[in-house]
Amino acid sequence: MILPAPAPTTATTASTIAIRPAQEDEVDSIVELAQAAYRGTGGWTTEAHLVSGTRTDSSEVRAMIADPAVTLLVAVLTPSETARDDAESERPADGTVGHDHGDDATASHDHSNDRNSSDDGADSTDGTDSTDSTDSTDSTIVGCCYTRREPADADGLARAELGLFAVHPSAQSRGLGRRLLTAQSDHLQRAGVDLLMIRVLQSRPELHAWYERNGFVRTGVAVPFAGDPAGLQVEGLGMDVMERPLHAL
């Protein structure tokens, strides 16, 4: 399920968050999460003013889960009893949570598979951050991202593309995006991948700055918008390619 507005204590308490591979029965929740992060309101990562339409659909997410070249991770929140009590006492009367877009630049950037249209916490040795034993009947997906590994190029460099990188608006700006990025990067390093690539939507300088703070560099390459151009609200809007080295090259 998608939690409309998780309280600050539940989103920031490390013992209640696990980062792990997505499961087949979580497809609908991932679709809802992506839509909220990319096209919704209340979060600083929304791109609703630049792109309209749906961000992804269930068939696309199922294909990601089934693809052996793809690693689709989710951040799962499982509130403890204490966290639930704290949430009720600390939640504002209107149920909203304030945001400072300092840590989570997730959403509004990658559209390599968009048909219509991220501080601490390193992962464990299997590419996930198992900081708590989760109960699927009481867990909430608050973040996701995938990487797709590509064959080595003519220079022998192996790349992976980062995409569907989203944190629910009510859980943003608390380092969760950085934890997801760390988990994916560590997994790819162990798999021998050299470079992590992302296509970042233009007209979003704050997103470019976040990725630069997290090790990405601009390649100077710009590509057309990868989704349906009919969804663009700014004519000619493209995407800038950025890369993050995962090994000393």
Side-chain angles (χ1 to χ4, degrees), residues 30 33-40 43-56 60 64 70-73 75 99-119 143-150 153 157 159-169 172-173 175-185 188 193-246:
I30 294 169
L33 167 64
Q35 191 69 11
Y38 283 84
R39 304 287 193 265
W44 77 277
T45 63
T46 184
E47 62 185 17
H49 59 298
L50 298 173
V51 185
S52 63
T54 56
R55 173 58 185 87
T56 189
E60 184 175 64
M64 292 178 185
V70 170
T71 300
L72 176 58
L73 298 182
H99 299 294
D100 163 27
H101 46 85
D103 290 327
D104 281 320
T106 55
S108 307
H109 51 280
D110 61 282
H111 292 266
S112 57
N113 290 284
D114 194 342
R115 298 174 179 176
N116 298 298
S117 30
S118 72
D119 279 301
C144 68
C145 65
Y146 82 87
T147 55
R148 175 176 280 107
R149 299 177 299 282
E150 302 175 352
D153 62 16
L157 295 178
R159 286 177 170 81
E161 182 179 15
L162 177 68
L164 203 67
F165 194 5
V167 169
H168 192 274
Q172 290 177 6
S173 302
L176 183 52
R178 190 164 294 162
R179 292 178 62 184
L180 280 162
L181 178 59
T182 297
Q184 286 282 13
S185 298
L188 294 170
V193 175
D194 300 300
L195 292 165
L196 181 58
M197 182 271 287
I198 189 167
R199 289 183 257 188
V200 184
L201 192 66
Q202 294 172 343
S203 297
R204 297 301 306 273
E206 68 276 24
L207 289 175
H208 290 74
W210 188 90
Y211 284 107
E212 288 173 337
R213 291 197 301 273
N214 285 276
F216 286 83
V217 296
R218 301 173 191 245
T219 65
V221 175
V223 296
F225 180 67
D228 184 355
L232 288 176
Q233 300 188 51
V234 178
E235 186 177 356
L237 194 66
M239 311 189 79
D240 296 321
V241 178
M242 303 182 73
E243 292 184 338
R244 170 178 169 167
L246 299 177

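Checked by atom type and distance alone, the side chain of Gln172 pairs as donor or acceptor with a backbone atom of Val167 at under 3.5 Å. Put simply, the side chain of Glu161 never gets that close to the backbone of Arg148: no donor and acceptor are under 3.5 Å apart. Gln233 contributes a side-chain N or O that, together with a main-chain N or O of Ala48, makes up a donor-acceptor pair within less than 3.5 Å. For the pair Tyr38 (side chain) and Thr54 (backbone), a donor-acceptor distance under 3.5 Å is absent. Checked by atom type and distance alone, the side chain of Gln35 pairs as donor or acceptor with a backbone atom of Arg55 at under 3.5 Å.
A pairwise comparison of heavy atoms in Leu33 and Ala166 identifies CD2-O, 4.2 Å as the closest pair. Among all heavy-atom pairs drawn from Phe165 and Leu180, the shortest one is CE1-CB, 3.9 Å. When all heavy atoms are compared, the tightest approach of Glu212 to Met242 is CG-CE, 3.6 Å. Considering every non-hydrogen atom in both Leu176 and Ala75, the closest pair reads CD1-CB, 3.7 Å. Here the shortest heavy-atom pairing between His208 and Asp240 reads NE2-OD2, 3.0 Å. The two atoms that bring Leu195 and Leu246 nearest to each other are C-CD1, 4.2 Å, heavy atoms only.
Taking 4.5 Å as the limit, some side-chain heavy atom of Arg39 sits within range of a side-chain heavy atom of Val51. Looking at Val200 and Phe216, their side chains never come closer than 4.5 Å, going by heavy atoms from C-beta outward. Contact of the Leu181 side chain with the Leu162 side chain is registered, since non-hydrogen atoms from C-beta on lie closer than 4.5 Å. Residues Pro169 and Thr46 are not in side-chain contact: their nearest non-hydrogen atoms beyond the backbone lie 4.5 Å or more apart. Considering only heavy atoms from C-beta on, Tyr146 comes within 4.5 Å of Val70 through its side chain. At least one side-chain heavy atom of Thr71 sits under 4.5 Å from a side-chain heavy atom of Arg149.
With rounding to the nearest 0.5 angstrom, the CG atom of Leu164 is 7.5 Å from the CD1 atom of Ile30. Rounding to the nearest 0.5 Å places CH2 of Trp210 at 13.0 Å from CZ of Arg204.
When the side chain to side chain donor-acceptor pair (under 3.5 Å) test is applied to Thr147, the partners found at least two apart in sequence or on another chain are Gln184. Listed by chain and residue number, nothing satisfies the side chain to side chain donor-acceptor pair (under 3.5 Å) test with Arg244 (two or more places apart in sequence, or in another chain).
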